[in-house]
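Heads up, the thing below is written out as C-alpha cells.
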Amino acid sequence: MYGAAIIAQALHDLGVKVIFGLPGLPVTDIGQEGLYRGIRFISFRNEQAAVYAATAYGYLTGKPGVCICVGGPGVFHVMAGIPHATANSWPLLVLAGSSETHNGGKQAFQEVDAISLLKPHAKLAVRPHSAETIPKSIKDAYRTAMFGRPGPAFVDLPANLILGHYDIPRHTPTPYSEPPMSVAPDNRLRAVVDAIKSAQAPLVVIGKGAAYARAERPIQTLVEKTGIPFVPTPMGKGVIADSHPSNYSAARSVALKEADVVLVLGARLNWILSFGLPPKWNPTAKIIQIDISADELGQNGGNQSLSLVGDVALVVEQIVDRLAGWRWEGRSSAFSRSLQAGKEKNEARAAKKAAVQQLPMPFERAFDVMRTTLNELSNPANGDIVYVSEGANAMDISRSIFTMEHPRIKLDAGTYATMGVGMGYAVAAYTAYNLTGEGSSGTKDHKKIVAIEGDSAFGFSGMEVETMARFQMDILIFVMNNSGLYRGDSDASDRWHEKRRNTVAGTTKEGAGLTAWSLGYETKYQKLAEMAGGIGFEARTPEELREATIQGFKAKVPVVVNVIIDQQADLPMDFSWLDMAPPKKEAKL
Ligand code: ADP
C-alpha cells in the first residue's frame, strides 16, 4: 500500500469525516487519499486558521478535529492551535509531515525535531517507526486526544513513510468506542447534597465543559427541579436557554459575590471565573467543582473535599436523584431580591445603550439592530444560528446582547483569549452542522453561521473568506470597524490622515501621530468577500445595517458586512477580565 493511503485509511477506520489543513509536500496525498475514501478535505490559506478550525470542530462534535500540515514551518504555524486546544480542553489531532528519517540531522528539507517541540505541549506526540505501526500511532493519538480531559495529540509522519509503498497486510480496524466516563462515589455525593440543602444562597455555574459533555438534559432538570439560580460562562451559554427565568447572567457580579454554595459544572476557576476567590466571590462560599479531571479539584477557590470527579452529565444525574423532591425555598430571600435588582439594573442600562441614536453607531446600537433583524429572520428557539465572536470589544459587548437558546451554538476566543480564530471557527461550525452533521443542536439541518468580528480580529485570517467561497459556505460575517484595536484614533478622515503623515516609520511625537492601536481608517473589508465571489456591504446607519443583515442572511455565498461604528477614541483602555489596566491619562493622547 501507498503510505498516504495507509494514513488516510487509518483515519477512515476511526470514523474521521473531515480533515482540515493546508496541503504541501509531503502531506498533499494524505488529503487526496482521504477524498478517495469519502473524507472531506477543507484546505485553508494558512495553517493557523486550519488548526483553529480543527479545535472548534473537536468542541462541537466531541471527537478530535483532525488537522494536517507540512513539516518545519507548517508545524510552527499549527503550534498556535496546540496550547489553544489544551487551554480549552478540546480534542485535537494534528498530523504533520517531516523530512525523511534517513536524512535526519543533515539539514534536510523543512527539518525540525517536531516530537521534542510538541511533547511538552501535547497529551501525546508520537512518530510511527514503520509503515505497519502507522494505524496504531494514529489510533493512540486519536484516543488520547479524546479520553479523560480532552486535549491535543500529535503524530509526526516522515516523508519516506508517507510517500513510500509497502507490502503490508490490510490492518483490521477495531471499532470506535465512546470515551469511558465515571460517576461519583456515594459518600462524597452525600456531602455535596447536604451542602446544597443547607445553602441560603445557592448558585449553579455552567461552563463549556458541560456543553462539550452534552450535559444539557440533566442540568436543565437540576435547575428546573430545585429552582436554584444559574449563570453560564461565555461558552456555557445555551446549555440552559438564556431566556430561562433562573438565568442571572445579567446579575453575574451579585451572584458570585453573594452565593454561599456554588456548583461549578464543567468550568475551571480560572480568570474567566475570577478564580473563585475574593474580591469577586463571597470569601466563605463553598465552591463545589464537578470535573472530568481530578487535577482541577481544589484549584483556586474550589473546595477540594466537596468537589467531585466524573462526567458532568452522569454526576449531575446522581445529584438530581439524591436531591429527590428537594427545592430551594429562597424565592423571596435577600439573595433572590439582590439578583433580581441586579438583573433589572443591568438590563435597563443595556437597553439605554442600545437605544442611543448617534452616528457612527456605538457597538451596542449596531448589535441591537443585528440581533433584532437576525431574530426576525430565524427562529432563535430552534438554535438555527451559530454565533462566532472575537475581538476584545466586539466579543465582550456582544456577549450579553446575543442570547443563546441552545448549547454549542456560541464560539468565542475561549480560555486562551486567542484572537484570529473566528474564520476557522466559522468554517468548522459550517462543516460540523451543515456538511458532516457531526455537530448537533437544535432541530434545523442547515444552520446559518454568523461571525461577529472586531476589525483587528478579522485581520488575522480575513483571507479565509476565499476558503468559505471555494467550499460554497454561506457564512455571514460582520466586521465591526472602528478603525483600531480596542478603539480608533480619530473620527474624522482628514485628522486621521494628518496623524498618519506625522507618523514616521512608526515613531511620532506624543499625540501627533497614529497610536500603537491604530488600524487603517475605515478599511473596506467587504472587498475581501467580493474578491472571492461573495457579497460585500458597507453599513453606516441602522437602516443600512438592517438591510445588509437581511441580504446577508439570505445570500448563498459568504458575505462581509463592513459595519462602520463609533471609534470611541477616548474610551479608557481597561478590560474587566484583567486586574490591571493602563493609567487613564493615556486614553487622552
Ligand atoms: P469555561 O471556559 O466555560 O469556564 P473551562 O474550559 O474553563 O470552561 O472548563 C471546562 C472544564 O470542563 C474543564 O476543566 C474540563 O476538564 C471539563 N470537562 C470536559 N469534559 C467534561 C465532562 N465530560 N465531564 C466533566 N467535566 C468535563
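In what follows, every heavy atom counts, from backbone to side chain, and hydrogens, waters and symmetry copies are set aside. Just follow the structure's listing: the first ligand is 1, and inside any ligand the first atom is 1.
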I'd like a table of the close N/O pairs between ligand 1 and the protein (anything under 3.5 Å), one pair per line with both atom names and the distance.
unit_1, atom_1, unit_2, atom_2, d
ligand 1, 2 (O), K208, NZ, 2.7
ligand 1, 3 (O), K208, N, 2.7
ligand 1, 3 (O), T233, OG1, 2.5
ligand 1, 6 (O), K208, NZ, 2.8
ligand 1, 6 (O), R268, NH2, 2.6
ligand 1, 7 (O), R268, N, 3.0
ligand 1, 7 (O), R268, NE, 3.0
ligand 1, 7 (O), R268, NH2, 3.4
ligand 1, 9 (O), R268, N, 3.3
ligand 1, 9 (O), R268, NE, 3.4
ligand 1, 14 (O), R149, NH2, 2.8
ligand 1, 14 (O), D291, OD1, 3.3
ligand 1, 14 (O), D291, OD2, 2.6
ligand 1, 16 (O), R149, NE, 2.8
ligand 1, 16 (O), R149, NH2, 3.4
ligand 1, 16 (O), D291, OD1, 2.6
ligand 1, 23 (N), D311, OD1, 2.8
ligand 1, 24 (N), V312, N, 2.9
ligand 1, 26 (N), I292, N, 3.0

*Close aromatic pair by centroid cut-off 6.0 Å: Y59 and W90*: yes

*Can a donor-acceptor pair be found between the side chains of E405 and S243 at a distance below 3.5 Å?*
yes

*Between H77 and F44, does the ring centroid distance fall short of 6.0 Å?*
no

*Thinking salt bridges, do K136 and D140 make one under a 4.0 Å N-O criterion?*
yes

*Flag yes if more than 12 heavy atoms outside Q200 fall under 6.0 Å of its CD atom; otherwise flag no.*
no

*Which residues share a salt bridge (Lys or Arg N to Asp or Glu O under 4.0 Å) with K237, sequence neighbours left out*: D242

